[in-house]
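Owing to the predicted nature of the structure, the values given are computational and were not obtained by experimental measurement.
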Amino acid sequence: MHFELSPQQLRERGGLLEQFLDVAFDSSILLDQDGYVLNCGNGATQLTMTRRSGLLGQHVTAFDKVSPFEEVLRTGTAVKNKLYVVQGRRCLQNIYPIFWEGRVVGALGVLSYTNMNDIRQQLVGDLAEHLSEVKLGDIAEVETENLIRARLQRNYTFEDFIGESAKVRAVVHECKAAATAPYPVLLLGESGTGKEILASAIHSFGMKSIQSPYIKINCTAIPNQLLESELFGYEKGAFTGATAPKKGRFEAARGGSILLDEIGDMDVALQGKLLRVLEEREFERVGGIKTIPLEARVISSTNSDLLQKCKDNRFRRDLYYRLSTVEIRIPPLRERPDDIPLLVSHFISRENLPIAITDPAMEAMVEYAWPGNVRELRNIIQRLGISCPDRPVRTDDVIRYFSDGSLAAPLFPGTGDSAFPPHVHIHPEQAQARETLLNVLREQHWNLSAAARVLHITRATLYKRLKKYNITVQRRGS
């Protein structure tokens with residue numbers, strides 16, 4: 001797009017330009033040559049949750065400290081296809097300079113977000129067209145269409161980490177804070193908890209352009225003798241079979257992020273070389289002498305206990321400290337049972353499955369320990385979609401897919417509504433609270449979800465009270 005408007009036209013109110021800002025874009029904002037807001041569309045006020053009067057006359061840096069508006073105003077060069085996440089929403093930003101008589105007199109910034117899938121497809125088409133115009137000598141500097149398509153489709157944002165529990169909100173808050181700082185991030189969590197989603201979300205949240213690469217490497221999937229050359233690359237003749245030079249993953253991640261998945265299983269000898277890269281922010285290809293700067297965010301993830309591995313001399317303690325400048329623990333699914341119904345609904349909707357989960361079946365899923373975490377839950381929902389397409393999903397349907405073939409073992413000591421052990425002194429108020437809780441459970445026929453609703457508490461809080469008052473609820477079939 002090329003815009004030619006006079007300074008007077010930019011400042012007109014109520015005319016065609018103002019209608020254009022509201023109709024043509026999801027969100028738009030118009031600046032003068034000094035970076036002050038002249039006008040904005042309704043979408044901008046909705047996205048920033050600020051009244052139009054609160055935006056007009058403000059300098060762009062007052063509400064967007066990292067945007068490239070000032071660069072566009074200074075250089076007269078448009079900035080296109082930058083991916084942002086604003087208020088948890090994926091947005092694509094374009095900023096165009098506005099000219100009059102050969103000089104820059106303002107800038108128009110627009111955001112698109114109503115259908116990111118359509119936007120992604122348009123981007124793929126634009127980039128593919130660009131590729132067709134590239135000279136043969138430039139091909140090495142440009143990604144292929146398939147790689148571009150893969151990158152556009154695979155990036156997650158924090159919207160993709162499903163959950164509304166306090167623990168999920170805390171983890172997302174930590175990750176967003178980490179995304180805005182240039183330090184290494186270490187994600188700890190059991191298999192299936194969502195480490196890869198959060199790593200990608202950190203990249204998406206912090207990246208400056210949709211063309212910022214996101215490179216992943218699984219440290220257990222590549223033999224140790226090959227992992228070094230995969231990470232650092234190699235020069236021609238570095239070893240048998242190296243007939244041409246090759247970029248490594250660190251080099252390919254320039255300007256973006258690299259995920260070192262399952263870092264805890266990396267060979268100790270290679271750990272020392274990785275430490276040097278992180279310390280000095282540079283490396284050489286295998287068989288090379290040229291120093292290459294590390295210009296990528298490093299994110300690591302593992303389901304291992306790295307501190308224990310340090311004690312066992314299987315992981316370098318100095319590397320652990322370097323990787324864990326920002327350390328984030330992702331809770332297992334059993335620690336956030338309130339998110340299970342939300343995840344079930346999400347997987348049913350995403351897979352477009354024709355199934356309905358009965359309340360007892362949902363209760364069974366909430367009570368299960370989920371050793372495979374969210375990945376196991378997704379697998380079971382997919383299997384239920386195949387086995388129960390024409391009837392409601394019952395408890396037995398769910399239990400038969402649990403990895404141990406049953407519900408979780410009893411969480412609390414005792415049986416039924418057993419009393420406290422004789423040697424434990426009970427305060428009268430505690431005894432009264434326990435009796436009240438038992439009465440609610442009996443009235444709700446020992447349905448934990450119903451009891452929690454009656455008491456106006458979460459299931460997690462109910463579990464704590466059951467444990468506190470030594471109440472064990474017998475599972476179906478036990």
Side-chain angles (χ1 to χ4, degrees), residues 1-116 119 122-123 126-127 129-130 133 179-182 204-212 255-256 295:
M1 293 185 188
H2 181 80
F3 295 94
E4 285 276 349
L5 294 169
S6 70
Q8 291 73 28
Q9 289 174 313
L10 290 179
R11 288 173 168 78
E12 287 180 2
R13 301 298 301 275
L16 289 176
L17 178 59
E18 192 164 294
Q19 294 178 44
F20 176 72
L21 294 178
D22 272 336
V23 175
F25 310 107
D26 292 330
S27 176
S28 58
I29 193 165
L30 189 66
L31 306 182
D32 67 13
Q33 61 186 1
D34 297 316
Y36 289 91
V37 179
L38 295 174
N39 210 333
C40 62
N42 290 328
T45 63
Q46 295 170 9
L47 201 62
T48 60
M49 294 183 291
T50 305
R51 293 182 178 180
R52 188 188 297 261
S53 59
L55 290 175
L56 298 182
Q58 293 286 328
H59 195 271
V60 64
T61 55
F63 53 86
D64 192 350
K65 299 184 184 301
V66 296
S67 97
F69 272 101
E70 292 182 304
E71 178 186 350
V72 173
L73 290 168
R74 179 174 54 82
T75 65
T77 302
V79 171
K80 299 180 181 180
N81 299 335
K82 280 186 171 288
L83 185 65
Y84 285 94
V85 179
V86 183
Q87 301 293 345
R89 186 195 297 266
R90 292 184 181 93
C91 301
L92 193 68
Q93 183 189 59
N94 289 276
I95 303 176
Y96 303 98
I98 298 174
F99 296 95
W100 181 251
E101 296 180 345
R103 62 188 180 90
V104 178
V105 295
L108 172 65
V110 300
L111 288 174
S112 303
Y113 51 79
T114 51
N115 194 333
M116 282 301 295
I119 291 169
Q122 179 63 43
L123 276 171
D126 292 345
L127 290 168
E129 182 179 348
H130 169 66
E133 299 172 354
T180 61
S204 297
F205 192 80
M207 72 182 186
K208 302 302 182 184
S209 167
I210 197 164
Q211 297 186 46
S212 298
E295 298 177 332

Rounding to 0.5 Å, atoms CG (Leu108) and CD1 (Ile98) come to a distance of 5.5 Å
Check your understanding: Side chains of His59 and Asp34: does their closest heavy-atom pair fall under 4.5 Å?
Key -> no
**Report entry** Cys40 side chain near Leu30 side chain, heavy-atom distance below 4.5 Å
**Finding:** no
- prompt: Are any non-hydrogen side-chain atoms of Phe99 and Val104 less than 4.5 angstrom apart?
  reply: yes
Note to self: Within the structure provided, determine whether Val79 and Tyr96 are in side-chain contact (heavy-atom separation under 4.5 Å).
What the structure shows: no
Rounded to the nearest 0.5 Å, the CD1 atom of Ile29 sits from the CG atom of Leu56 at a distance of 8.5 Å
Heavy-atom distance under 4.5 Å between the side chains of Val105 and Arg103, does that happen here? yes
### Task
For residues Phe69 and Leu31, determine if any side-chain heavy atom of one lies less than 4.5 Å from a side-chain heavy atom of the other.
yes
Between Ile95 and Ala107 the two heavy atoms that sit nearest each other are CG2-CB, 4.4 Å
inquiry  = Just so I know, are the side chains of Tyr36 and Gln58 near enough to count as touching, which here means a heavy-atom distance under 4.5 Å?
reply    = no
Taken to the nearest 0.5 Å, the spacing of Thr75 OG1 from Glu70 CD works out to 11.5 Å
In terms of heavy-atom contacts, Pro97 and Gly76 come closest through CG-O, 3.2 Å
inquiry  = The test is side-chain contact (heavy atoms from CB on, under 4.5 Å); show your working for Asp32 and Arg11 and say whether it passes.
reply    = CA-CA 9 Å; Asp32 67 13; Arg11 288 173 168 78; 3.9 Å; yes
Does Glu71 use its side chain to pair, donor to acceptor, with the backbone of Pro68 at less than 3.5 Å?
-> no
(message) If you define the side chain from C-beta out and look only at heavy atoms, does anything of Trp100 sit under 4.5 Å from Pro7?
(response) yes
